[in-house]
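Data block below; observations after.
Every number for a ligand or one of its atoms is a count from 1 in the order of the listing.
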Amino acid sequence: MATGFPLAALRKRGKMFECIFNESSIYKCLLNGDWVESKLKKRDKIYSPSDGELVGEVQSISKEEADVFIETAKSAQIAWAGVPVNERAKIIHQAADILDKEKEVVADILVKEIAKNKKSALSEVARTVDFMHFTAEEGKRSVGESIRSDAFPGFGKGKVSIVNRVPLGVILAISPFNYPINLSASKLAPALVAGNSVVFKPPTQGAISALYLARVFCKAGIPAGVFNVITGQGREIGDYLVSHPLINMIAFTGSSKVGRNLAQKAGMKPLLLELGGKDAAIVLEDADIETTAKNIVSGAFSYSGQRCTAVKRVLVLEPVADQLVKAILPLVKKLKVGNPEDDADITPLINDKAADFVQELIDDAISKGAKLLLGNKREKNLMHPTLFDQVSVQMRLAWEEPFGPVLPIIRVKTVDEAITIANQSEYGLQSSIFTKNIDAAFRVASQLDVGTVQINGKTERGPDHFPFIGVKSSGLGTQGIRYSIEAMTRSKATVLNLQ
Ligand code: NAP
Ligand code: G3H
């Protein structure tokens, strides 16, 4: 029986990928196993969010050039799908091992490029290494089924349907700035292990980190053409990429605004969309206040609130509101504000525009009578942690996603009021509920219109093999290792007609 295409025949041997990290800090794109520049010589400059220093320049690929990347991925895909899955899995394992060895370098790039502190940067890389190993194994476990015809009325035993999972073709992977390694690998590894080829468009701010990840895959021996990287501003080439007829599926993480536009432009392509959130922490009267406060503060403020799953509002029952505020405030005061190089908890936001938006929400809350407990202090794009009590549903902060270090506390009279406010959000990513009463927890959980409810824990994505689901404006489809592989493959039935 044929075992598919030998891997060696697909590989371009003797190529070195070291050259992308050069002294001039001009980073190239990956096309058919080669690091290439845009022919138009157009580039985007990447500045560090913390000190404004130039980190490097990335190519700004034109639409015409993008065609070549996509066509290349298309022509490599069938051969890649023919490579035995255990060989594909070996490359993913190998890439994970290389990433692990090079974690310090990758973490340093993250610190510089997206102002994530070193500890969080290292943890993003470590988590990605685990993700890739797990995905490589899970890819090997993807199985089909056979179905007999005689179960259906009117059919005898004359037919058997053999149902396999097959790759979709070329996957367009688009990731956001806040996890340029993890939220890229969480698309790339499942796509590749399942036999798809990829065109990867990383965030512009985050592209250097993402290119390093591509380099890791190259070093691990990913065949030329199977993995291609296009850099360039999403607003310039995004629509073109998502509507391209040779793209078979899109895995996107980013804002709801861009996700909604993408869904309109993509036509009938299958989509996995991870979008924004406004996760609520609902605190009942019998909650353990100390544990609740710790979870809320770490959930709201890590990476300065720039996480889709950050706790973005607290809905607390009146009788315990004062106690909760008293427990939260000192924890927020303790957060270290500064630069990522100094391992501060609160670091500069990704750019000035992001900080301006957070400031708008703060100003709106103050003008409408919210009680400022801490913060509302800004140095350029460094926003100090800001805590509000007495936030009302008239304020934008009750509904909009700040993606910054600001936490509104909304006091409610009843559990039903908390559920109503939680569900009135346009978003539906996660919610937390804090209570010692497990029955109450499940009762509330069953009424919350979100992808995941956390009982007595902060909202968060991991562990990464759990399903990760966004409803309403928070997304489409289910992520998580096995779920992502399923989303990037389809059933293919072959019917055996017995004579
Ligand atoms: P973003 O502005 O939506 O950008 C995300 C990605 O989309 C970037 O690579 C961006 O490229 C690209 N893009 C921009 N315009 C595009 C277009 N017209 N077509 C296709 N792609 C386009 O989001 P972000 O600021 O990077 O990330 C923050 C947002 O992501 C927040 O709303 C957050 O909640 C959400 N997020 C959600 C999850 C989740 O799992 N639900 C996880 C992380 C983040 P450029 O960088 O070149 O603009
Ligand atoms: O920003 C979105 C990430 O998927 C959230 O992951 O909850 O582990 O920080 P996290």
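- Using a 4.0 angstrom heavy-atom cutoff, Gly206 does not count as in contact with ligand 1.
- For atom 41 (N) of ligand 1, the closest non-hydrogen atom on the protein side is Leu275 O, 2.6 Å.
- Taking a cut-off of under 4.0 Å to the non-hydrogen atoms of Asn178, the atoms of ligand 1 that pass are 43 (C), 44 (C).
- Of all protein heavy atoms, the one closest to atom 11 (O) of ligand 1 is Lys201 NZ, 2.9 Å.
- Looking only at heavy atoms of the protein, atom 22 (C) of ligand 1 is closest to Val258 CG1, 3.5 Å.
- In terms of protein heavy-atom proximity, atom 2 (O) of ligand 1 is nearest to Ser255 OG, 4.1 Å.
- Of the options Ala210, Ala354, Gly234, the smallest heavy-atom separation from atom 13 (N) of ligand 1 is shown by Gly234.
- A salt bridge links Asp239 and Lys265; the closest N-O separation between the charged side-chain nitrogens and carboxylate oxygens is under 4.0 Å.
- For atom 5 (C) of ligand 2, the nearest protein heavy atom (residue, atom name, distance) is Thr309 OG1, 3.3 Å.
- Each of the following atoms of ligand 1 lies closer than 4.0 Å to a heavy atom of Thr253: 5 (C), 36 (N), 37 (C), 38 (C), 39 (C), 40 (O), 42 (C), 43 (C), 44 (C).
- Within the structure, ligand 2 has Arg127 among the residues with a heavy atom less than 4.0 angstrom away.
- Ligand 1 lies less than 4.0 angstrom from a heavy atom belonging to Ser175.
- With 3.5 Å as the limit, one finds a donor-acceptor pair spanning the side chains of Gln430 and Gln454.
- Counting non-hydrogen atoms of neighbouring residues, nucleotides and ligands closer than 6.0 angstrom, the CZ atom of Arg141 exceeds 12 such neighbours.
- With Phe252 as the aromatic partner, Lys201 does not meet the cation-pi criteria of under 6.0 angstrom to the ring centre and within 45 degrees of the ring axis.
- Shown here is Lys42, whose NZ atom has no more than 12 heavy atoms of other residues, nucleotides or ligands within 6.0 Å.
- In summary, the atoms of ligand 2 found under 4.0 Å from a heavy atom of Glu460, numbered by their order in the structure, are 7 (O).
- Atom 25 (O) of ligand 1 lies below 4.0 Å from at least one non-hydrogen atom of the protein.
- The shortest N or O to N or O distance between Gly462 and ligand 2 is not under 3.5 Å.
- The closest side-chain heavy-atom distance from Pro340 to Pro348 is below 4.5 Å.
- Ligand-side atoms of ligand 1 in range of Arg461: 40 (O), range being under 4.0 angstrom from any heavy atom.
- Figure legend: Arg307 and Tyr303 shown without cation-pi pairing, the cationic atom not lying both under 6.0 angstrom from the six-membered ring centre and within 45 degrees of its axis.
- Taking only nitrogen or oxygen atoms, main chain and side chain alike, Thr459 does not reach within less than 3.5 Å of ligand 2.
- Near Asn178, with a cut-off below 4.0 Å to any heavy atom, the atoms of ligand 2 are 1 (O), 2 (C).
- Considering only non-hydrogen protein atoms, atom 6 (O) of ligand 2 sits nearest to Arg461 CB, 3.4 Å.
- Taking every non-hydrogen atom of Pro203 and a distance limit under 4.0 Å, the qualifying atoms of ligand 1 come out as 8 (C), 9 (O), 46 (O).
- Ion pairing of Lys294 with Glu290 is absent here, as no side-chain N (NZ or NE/NH1/NH2) approaches a carboxylate O to less than 4.0 Å.
- If you check which protein heavy atom lies closest to atom 32 (O) of ligand 1, you get Glu401 OE1, 2.8 Å.
- Salt bridge annotation for Glu64-Lys39: absent, with no cationic side-chain nitrogen under 4.0 angstrom from a carboxylate oxygen.
- Of the listed residues (Tyr179, Tyr303, Phe177), the one carrying the non-hydrogen atom nearest atom 10 (P) of ligand 2 is Tyr179.
- Rounding to the nearest 0.5 Å places OG of Ser473 at 13.5 Å from NZ of Lys257.
- In terms of protein heavy atoms, atom 4 (O) of ligand 1 is closest to Gly254 CA, 4.5 Å.
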With salt bridge (charged side-chain N to carboxylate O under 4.0 Å, His left out) as the criterion, how do Arg260 and Glu426 come out once you've worked through the C-alpha distance, each side chain's angles and the decisive distance to 0.1 Å? CA-CA 13 Å; Arg260 212 170 283 120; Glu426 70 160 295; 3.3 Å; yes
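- With Tyr427 as the aromatic partner, Lys278 does not meet the cation-pi criteria of under 6.0 angstrom to the ring centre and within 45 degrees of the ring axis.
- When only non-hydrogen protein atoms are considered, atom 18 (N) of ligand 1 lies nearest to Asp239 OD1, 3.1 Å.
- The residue among Phe252, Phe403, Tyr179 with a heavy atom at the shortest distance from atom 28 (C) of ligand 1 is Phe403.
- Atom CD1 of residue Ile409 and atom CG of residue Leu324 lie 6.0 Å apart, to the nearest 0.5 angstrom.
- Residue contact check: Thr204 has heavy atoms under 4.0 Å from atoms 45 (P), 46 (O), 47 (O) of ligand 1.
- Of all the heavy atoms of Glu274, the ones lying under 4.0 Å from any atom of ligand 1 are found in both the backbone and the side chain.
- Close N/O approach between Gln205 and ligand 1 is not found [any backbone or side-chain N/O within under 3.5 Å].
- Between Arg307 and ligand 2, at least one pair of N/O atoms sits closer than 3.5 Å.
- Ranking the protein heavy atoms by distance from atom 19 (N) of ligand 1 puts Gly238 CA, 3.3 Å first.
- Between the CG atom in Leu172 and the CZ atom in Phe69 there is a gap of 13.0 Å [rounded to 0.5 Å].
- At the shortest separation from atom 3 (C) of ligand 2 among protein heavy atoms lies Cys308 SG, 3.3 Å.
- For the pair Arg43 and Tyr27, the NZ or CZ position fails the cation-pi test of under 6.0 Å to the six-membered ring centre and within 45 degrees of the ring normal.
- Under a 4.0 Å criterion applied to the non-hydrogen atoms of Pro202, ligand 1 contributes the atoms 9 (O).
- Side-chain contact check for Ile419 versus Val444: some heavy-atom pair is nearer than 4.5 Å.
- With values rounded to the nearest 0.5 angstrom, Asp363 atom CG is found 10.0 Å from Arg396 atom CZ.
- Close approach to Ile174 involves these atoms of ligand 1, each under 4.0 Å from a residue heavy atom: 6 (C), 7 (O), 9 (O), 12 (C), 20 (C), 21 (N).
- For ligand 1, the atoms sitting less than 4.0 Å from at least one non-hydrogen atom of Asn261 are 18 (N), numbered in the order shown with element in parentheses.
- Considering Thr452, Leu275, Ile469, Thr309 as possible partners of Leu429, the one that fulfils the side chain to side chain contact (heavy atoms under 4.5 Å, CB included) test is Thr309.
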